Amino acid sequence: MDYFDWYAAYLHRSCPVADAHRDLVTEVYRRRRDGETGVLNKYHKKEWLKSGVNLIFASLFLGTDELEECKVDGAILRGALLTKAMEMLAAFYADLEETKGRVALVTDRDSLLRTTAKRGLSRRQRIGVLLYLEGLDVLEGEPELLRCFYAMGVRGASLTWNERSELPNVFARGTGEKCRAAVCGGTEEPPITDKGVQALFLMEQLGIFVDSSHLSRQAAWLLPSFTKKPYAATHSNGAAVVEHRRNLTEEEIKEVAKRGGVIGVNGYREFNCRIPDGIKGEKRSNCEPEGCSYICALCAQIFYLLESAGEDCVGFGLNLGEGNFLEDTTQLPALTAELLRRGMSVETVKKILGGNWIRYLLQTI
């Protein structure tokens, strides 16, 4: 353990550290559905205390399992997605109660500042969770339902996910999704629909931040026309480093930065690794970028984003889970040490760790 490792550990104990994307609501729901309780206490609290992470953006995402639970005779029933979202939030709230206040919701400026206030070296740190929707499928085409989700603590949302073959393209076109002809007239659906525009307006009015990470390139270019506040890309990397449909072009990066948004560096392997053609399955998910470690890969993304967007617009949105370079957030201090070792200033490191996300949230929620 050299000086940089020691100083990185100190920063993670004394400064706010944020991870702007984790499918936490979905994970808690699935575990509690299978009979477990105290999921946050059992699987995450010690991890966050060890890594110093004290602000997590917890995504509610309807995965394949949840969509199947909403089907009857192969069709998704009207109202089933909304009901499922309520069940997931209820499970998450029950699990929060079992932490006895050690993990709490962030819903406004005061709760954000209480959670991320300057800390000493005590391990009795506060851990804040900010709820957000990864896709507006749960609204079932009704933007006004955002008011209900806001009342339940949701403070961020993306209009859509990558692609949903079994769900209609109600709000916006997702990354990689092909244009679908409208039922009437045979014309292409717009990248952001009228209901998507209504949702964007209402999100800004309520104080729900906008996440562009899963939007198609066409929709992302329209986003500045329909928003006034800064918007974020909570878990996206730079396409100039690794070409992937989910990574951002330099023009998209500069637009996020121009608006005062933040881009969360994603640890997902395929967003950090140039994969030769023909490699599939397990070998694909276990790739290392040209023999480098996860530290090498993430440093490449961070320094590129700093150059393209500036030091005020880069943070973490690790997207931890299957297919990620990192097992959990306890590996973050090693990455911080490498950033310092490569000559990054302490002030810039503090901004990337959490300062930029805090500044962004103070402007948007």
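For the single chain, residues carry numbers from 1 onward in sequence order. These numbers were taken from a predicted model, which means no experiment stands behind them.
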Any carboxylate oxygen within less than 4.0 angstrom of a Lys/Arg side-chain nitrogen, looking at E251 and K254? no
Could you measure the distance from the CG atom of L206 to the CZ atom of R147? Nearest 0.5 Å is fine. 5.5 Å
Spell out, as yes or no, whether a donor-acceptor pair under 3.5 Å connects the side chain of N266 to the backbone of H235. yes
With a 4.5 Å limit on heavy-atom distance, are the side chains of L223 and R259 in contact? no
Between L353 and L320, is there shared hydrophobic-cluster membership here, with clusters defined by ILVMFWY side-chain heavy atoms closer than 4.5 Å? yes
Point-to-point distance, once rounded to the nearest 0.5 Å, from OH of Y150 to OG1 of T107: 7.5 Å
Could you check whether any side-chain N or O of T160 sits under 3.5 Å from a backbone N or O of G135, counting only pairs where one atom can act as donor and the other as acceptor? no
When you measure from the side chain of N247 to the backbone N and O of V242, does any donor-acceptor pair fall under 3.5 Å? yes
Where do G128 and T115 come nearest, in terms of heavy atoms and distance? N-CG2, 3.2 Å
Quick test of your reading of the model: are E98 and K45 salt-bridged, counting only N-O distances below 4.0 Å? no
Assign the ring pair F209 / F57 to parallel, tilted or perpendicular, where the plane angle (0 to 90°) is split at 30° and 60°. tilted
Taking the side chain as every heavy atom from C-beta outward, state whether F171 and I192 have any pair of such atoms under 4.5 Å apart. no
Exercise: do T330 and E47 side chains pair donor with acceptor under 3.5 Å: no
In terms of side-chain heavy atoms, does Y132 have a donor or acceptor partner in H21 at a distance below 3.5 Å? yes
Examine V346 and F4 and state if one hydrophobic cluster contains both, with Ile, Leu, Val, Met, Phe, Trp and Tyr joined whenever side-chain heavy atoms are less than 4.5 Å apart. yes
Main-chain N/O of L96 paired with T99 side-chain donor or acceptor, under 3.5 Å: yes
For the residue pair T249 and R217, establish whether any side-chain heavy-atom pair is separated by less than 4.5 Å. yes
Are the side chains of D108 and I365 in touch, meaning some heavy atoms are under 4.5 Å apart? no
Polar side chain donor-acceptor pair, N319 to N324, under 3.5 angstrom: no
Looking only at atom types and distance, does a side-chain atom of S216 sit under 3.5 Å from a main-chain N or O of A219, one as donor and one as acceptor? yes
For G260, does its backbone N or O pair with a side-chain atom of R359 as donor and acceptor, under 3.5 Å? yes
To the nearest 0.5 Å, atom CG of L335 lies from atom CG of L318 at 8.5 Å
Can you confirm whether the side chains of S213 and S236 place a donor and an acceptor under 3.5 Å from each other? yes
Would K71 and E68 pass as an ion pair if we require N to O under 4.0 Å? yes
Determine, stepwise, if the pair L55 / V106 fulfils side chain to side chain contact (heavy atoms under 4.5 Å, CB included). CA-CA 9 Å; L55 178 61; V106 169; 4.0 Å; yes
Report yes or no: does Y294 contribute a side-chain atom to a donor-acceptor pair with the main-chain N or O of Q331 at less than 3.5 Å? yes
For the pair R78 and E140, evaluate salt bridge (charged side-chain N to carboxylate O under 4.0 Å, His left out) and give the outcome as yes or no after the intermediate values. CA-CA 8 Å; R78 176 70 177 170; E140 305 217 10; 3.6 Å; yes
Contacts of K258 meeting salt bridge (charged side-chain N to carboxylate O under 4.0 Å, His left out) (sequence neighbours excluded), chain-then-number -> none
Nearest 0.5 Å, what's the CD-CD1 distance between E307 and I253? 10.5 Å
Test side chain to side chain contact (heavy atoms under 4.5 Å, CB included) applied to L332 and H12, step by step: CA-CA 9 Å; L332 266 185; H12 277 254; 3.7 Å; yes
Donor-acceptor contact below 3.5 Å, side chain N237 vs main chain Q301: no
Can you name the closest pair of heavy atoms from L24 and A58 and give their distance? CB-CB, 3.6 Å
Which pair of heavy atoms, one from L136 and one from A157, lies closest together, and at what distance? CD2-CB, 3.8 Å
Under 3.5 Å, is there a donor-acceptor pair linking the side chains of R31 and Y43? yes
Residues which pass ring pair (Phe, Tyr, Trp, His ring centres under 6.0 Å) with H44, listed by chain and number, not counting sequence neighbours: W48
Pairing of R30 and E66 as salt bridge, 4.0 angstrom limit: yes
SB check K351 D312 (cutoff 4.0 Å): yes
Checking side chain to side chain contact (heavy atoms under 4.5 Å, CB included) against V138, which of L145, L62, L89 comes through? L62
In short, A20 meets T234 closest at the heavy-atom pair O-CB, 3.5 Å
Would you say the side-chain atoms of W357 pair up with the backbone N or O of F316, donor to acceptor, closer than 3.5 Å? yes
Nearest 0.5 Å, please: how far is OH in Y93 from CE in M88? 14.0 Å
Flag, side chain of E204 to backbone of K229, donor-acceptor distance under 3.5 Å: yes
Indicate yes or no: at least one non-hydrogen side-chain atom of E134 is less than 4.5 angstrom from one of D23. yes
Test side chain to side chain contact (heavy atoms under 4.5 Å, CB included), reference I352, set V17, I302, T336, output is I302
Of all the heavy-atom pairs spanning L131 and G153, show the shortest one and how long it is. CB-O, 3.8 Å
State, yes or no, whether a side-chain contact exists between Y231 and P224 at a heavy-atom distance under 4.5 Å. yes
Could you tell me whether D194 atom CG has more than 12 heavy atoms of other residues or ligands within 6.0 Å of it? no
d(L339 CG, L11 CG) to nearest 0.5 Å is 10.5 Å
Salt bridge check: are E338 and R341 linked by an N-O gap of less than 4.0 Å? yes
Please work out whether the ring planes of Y7 and Y10 are parallel, tilted or perpendicular, with thresholds of 30° and 60°. tilted
Out of curiosity, does V53 fall in the hydrophobic cluster containing L298 (side-chain heavy atoms, cut-off under 4.5 Å, transitive links)? yes
Mind checking whether L306 and M344 have side chains closer than 4.5 Å, heavy atoms only? yes
Under 4.5 Å between any side-chain heavy atoms of L361 and L130, yes or no? yes
For atom CZ of R33, is the number of surrounding heavy atoms from other residues, nucleotides or ligands below 6.0 Å larger than 12? yes
Salt bridge (Lys or Arg N to Asp or Glu O under 4.0 Å): which pairs involve residues 315-331, sequence neighbours left out? none
Write down the atom of S51, the atom of P333, and the distance for their closest heavy-atom approach. O-CG, 4.3 Å
Do the ring planes of F271 and H244 sit parallel (below 30°), tilted (30 to 60°) or perpendicular (above 60°)? perpendicular
What do you reckon, is CD of E36 surrounded by more than 12 foreign heavy atoms closer than 6.0 Å? yes
Please determine whether side chain to side chain contact (heavy atoms under 4.5 Å, CB included) holds for the pair I76 and C70, giving the CA-CA distance in whole Å, both sets of side-chain angles, and the decisive distance to 0.1 Å. CA-CA 5 Å; I76 297 176; C70 293; 4.1 Å; yes
